[in-house]
Amino acid sequence: MPSYTAPVNDIQFVLHALLKASAQDIPGYDELEADFTAAVLEEAGKIAGNVLAPLNAVGDAEGCVLENGVVRTPSGFKDAFEQMKQGGWTALDCDPEYGGQGMPVLLGTAVGELFSGANQAFTMYQGLTHGAYSAIHAHGSDAQKAKWLPKMVSCDWTGTMNLTEPHCGTDLGLMRTKAVLQEDGSYRISGQKIFISAGDHDMSENVVHLVLAKIPGGPDGIKGVSLFIVPKFLVDDEGNIGARNGVSVGKLEEKMGIHGNSTCVMNYDEAEGYLLGQEHKGMRAMFTMMNEARLGVAMQGMAQAEAAYQNAVIYAKDRLQGRAVTGAENPDGPADPLIVHPDIRRNLLDQKSFIEGARAFMLWGAYLLDKSHRSGDAEAEGLISLLTPVLKGFLTDKGLDMTVQAQQVYGGHGYIEEWGMSQFVRDARITQIYEGANGVQALDLVGRKLAADGGKHVMGFFELVKGFIKENEGDEALKKDFLEPLKSASKDLQAAGMFFMQNGMKNPNAALAGSYDFMHLFGHVCLGLMWAQMAKAATEALASGEGDASFYETKLATGRYYMARQLPATKMHLARIESGAAPVMDLAAEAF
Ligand SMILES: Cc1cc2nc3c(=O)[nH]c(=O)nc-3n(C[C@H](O)[C@H](O)[C@H](O)COP(=O)(O)OP(=O)(O)OC[C@H]3O[C@@H](n4cnc5c(N)ncnc54)[C@H](O)[C@@H]3O)c2cc1C
């Protein structure tokens, strides 16, 4: 079975050498000293490696079972969940007023990678709870917060997000679930939601569903959607659990991966619910926590890639096949290990260079979220809003690709279930779909985010890249290997943006036909920027003579690989974008 080792050193490098977390002027960041974050990550790493990772295959094999209307989770999940609760891991970045530890999202994201990499299906139960917690925290009344949040922070009660219905996923304006106002101010919710992650299970006393529904008589379409708190069990004003609400599980979905997470059809039959935020402003309430939720899914994508990569490296060093073309490297053995072969090394370096760049991008995203929330920094808010679809779409697409590449290192042994590599692929696949399918992320990026506030945020991004290049041009090694490739890739991104500006108004299809390529082009430039910044940090660390020199040298070599072998993909994406609408739109629907 696969193993999992928390990549603490690499996370520490990003937190401290790259982001210089404890020196940042953001409330709460002064606590993020290197010793402190190392201790937290080491502890979280032990749970990830020793408790969650061994349950990953168990969850995959057993799945969840619906028995007498209640979902039973796989063996061991309940005990592990209890350990997570007791250790305070569910409360790490929650508000201390409700029992949380008040840590920045940056640390929550770093720790989340470890749990998610070890066991994505399991970690989703608390991830969904965190999403529901954030929505109530942002939009609930004081009474609602006092009633629901403490138990959700501790995960005594878990949470869900109910958007999807059988006939509407992306286009939520088609929603049919209804909410009818009662005399006491509560609502009766009726309708069916599908694909609800963690919709029911046996690990918590209550499940707090956040449900989107329409109040009859409200505006048509998406403008008439409101958000409601609908608990599985009703709760009185003292916080005691009472009668069962009109919420039931219709069925559990059979699915490709994340078997350990219960994906439920939820039936609401005149269930009692409470308006969260304002009437008809449900989407606004949902979108408040969307950046955070999408960053969480981006993290899942890269975390699966990391877990798969770790095992592929072990296998490539162990498995003896063929001889190195330049002469035997294991002359006493019957053959050389796979890792001597250039194509296997290419494969592993694709993974390694993506993962480390993606980790830096993800943690930079978490830092921007903190800067916008904790420091009220409007620039950071604009930038993370622009980058969120890139993080979600690019990291999950590439994350899946990398799990497939890791599987490939195993040859046929990657395809059979015995080695556990297929689970990484199957689990990673959902990250491209939920929390807004990736095609829709690209649409959001090109259709909305690029032009938001007159294009101010994308201009801010270009300034940031330009500023970094200018500031460091004096360093010849950095210039040749990192800054010049970054400059060239950034020019490709600008040219793509220019193409949309010149052609998108005349023919919106010219922009939308290139939106997916634009999302990937942008993702590559972001990783290029991360690698250039990490190269600078590694060079400085080497010059200081402190720390592990081989770590920094490896970092530089991995970065050079990304710049030389991955970043040139921007040229291909630009060529596709500039081919415009015709190649995509010319075929009539009947011709497909
Ligand atoms: C395992 C699992 C767990 C899930 N968990 C949850 C959950 O907890 N809560 C919840 O509410 N939902 C959940 N979902 C639902 C998920 O978020 C939706 O499946 C997703 O949003 C897509 O909706 P859909 O399936 O209806 O696809 P559709 O909206 O029908 O889209 C189908 C395809 O068309 C594309 N598309 C749609 N509209 C456009 C457009 N205008 N332009 C270009 N392309 C477009 C999409 O990108 C997609 O590829 C889950 C789904 C799964 C499978």
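Atoms within a ligand are numbered from 1 in the order they appear, just like the ligands themselves.
Taking only nitrogen or oxygen atoms, main chain and side chain alike, Met161 reaches within less than 3.5 Å of ligand 1. Polar contact check, Thr263 against ligand 1: no nitrogen or oxygen pair lies under 3.5 Å apart. Polar contact with ligand 1: present for Leu163 (N/O pair, distance under 3.5 Å).
Nearest residue to atom 16 (C) of ligand 1 from Thr431, Val211, Thr164 is Thr164 (criterion: closest heavy atom). Closest heavy-atom approach to atom 22 (C) of ligand 1 within the set Val297, Ile194, Thr170, Ile258: this belongs to Thr170. Comparing Ala442, Ala437, Gly257, Ser262 by heavy-atom distance to atom 48 (C) of ligand 1, the nearest is Ala437.
Note on ring orientation: taking the six-membered ring where Trp is involved, the planes of His520 and Tyr516 are parallel (angle under 30°, cut-offs 30° and 60°).
A donor-acceptor contact closer than 3.5 angstrom links the side chains of Asn162 and Thr160. Between Gln120 and Asp427, the side chains place no donor N or O within less than 3.5 Å of an acceptor N or O (distance only, hydrogens not considered). A side-chain donor from one of Asn267 and Gln192 sits under 3.5 Å from a side-chain acceptor of the other. Gln144 and His139 share no donor-acceptor pair across their side chains, judged by distance under 3.5 Å alone.
Put simply, atom 34 (O) of ligand 1 has no protein non-hydrogen atoms near it, under 4.0 Å away. Atom 12 (N) of ligand 1 is approached by the protein to below 4.0 angstrom, counting heavy atoms only. Closer than 4.0 Å to atom 44 (N) of ligand 1 lies none of the heavy atoms of the protein.
If you look at Asn438 next to ligand 1, there are no close heavy atoms at all, none under 4.0 Å.
A salt bridge links Asp60 with Arg426: at least one charged nitrogen is closer than 4.0 Å to a carboxylate oxygen.
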